[in-house]
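See below for the structure under consideration.
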Amino acid sequence: LNCLHRILMSAFKLSIHAGKMLAERAIKEEWLWETLENPVKAETKTDGTCHYIKSIEANQGRRLRVIVNADSRPKIVITAFFDRRLGREE
């Protein structure tokens, strides 16, 4: 991991569930940190979560959605998945 990813790791913590989902869904941790670092879109939801979205070129442009509990410190990554509803970036 590069230095910026290490800094992000101090601001965010992976939940046990998120760690399991990364493995189960073949999502590289590097992609998760890239999405948190530089999302193309960030959505704040009424339930207190923030959704970070980014197209992952190394995975055919599929859009990764990372859901974070933004109210906790450090912020807790709840889950991550490739969002089929958003399609792929061409």
Side-chain angles (χ1 to χ4, degrees):
L1 294 174
N2 69 32
C3 291
L4 187 53
H5 291 163
R6 291 180 198 278
I7 292 167
L8 280 171
M9 288 172 70
S10 66
F12 293 89
K13 179 181 176 186
L14 283 179
S15 67
I16 293 169
H17 174 78
K20 288 179 181 176
M21 292 302 99
L22 292 179
E24 186 177 300
R25 297 171 176 159
I27 298 170
K28 294 182 180 182
E29 196 170 324
E30 169 187 346
W31 297 342
L32 177 129
W33 298 121
E34 288 173 5
T35 301
L36 293 172
E37 174 188 342
N38 192 23
V40 293
K41 187 173 188 181
E43 304 170 344
T44 302
K45 303 294 185 175
T46 57
D47 63 0
T49 61
C50 189
H51 295 218
Y52 297 84
I53 301 163
K54 180 178 180 74
S55 294
I56 305 300
E57 293 304 316
N59 196 7
Q60 303 160 344
R62 294 176 68 194
R63 294 180 194 232
L64 182 62
R65 180 180 293 264
V66 179
I67 301 176
V68 172
N69 178 343
D71 293 333
S72 62
R73 294 293 177 265
K75 296 175 183 176
I76 297 174
V77 177
I78 299 168
T79 194
F81 58 91
F82 286 105
D83 196 334
R84 291 183 178 96
R85 297 170 298 173
L86 298 175
R88 298 171 192 234
E89 188 171 280
E90 300 298 326

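Note that the structure is predicted; figures quoted are calculated from it, not measured.
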Nearest non-hydrogen partners of P39 and Y52, listed with the distance: CG-CD2, 3.8 Å
Side chain to side chain contact (heavy atoms under 4.5 Å, CB included) partner of H51, chosen from V66, I67, D83: I67
Linked, directly or transitively: L14 and I56 (ILVMFWY side chains, under 4.5 Å): yes
Atom pair CD (E24) and NE2 (H17), whose distance is rounded to the nearest 0.5 Å: 8.0 Å
E34/K28 under salt bridge (charged side-chain N to carboxylate O under 4.0 Å, His left out): CA gap, chis, key distance, verdict: CA-CA 10 Å; E34 288 173 5; K28 294 182 180 182; over 6 Å; no
Between CG on residue L22 and CD on residue E29, distance to nearest 0.5 Å: 6.5 Å
Considering all heavy atoms, the nearest A80-M21 contact: O-CB, 4.2 Å
Considering all heavy atoms, the nearest S15-I76 contact: CB-CG2, 3.9 Å
Closest contact, heavy atoms only, I27 versus F81: CD1-CA, 3.8 Å
For V68, the option from I78, T79, L36 that meets side chain to side chain contact (heavy atoms under 4.5 Å, CB included): L36
Minimum heavy-atom distance between S55 and R63, given as atom pair plus value: OG-CG, 3.5 Å
Minimum-distance pair of heavy atoms, taken over all atoms of A11 and P74: O-CB, 3.3 Å
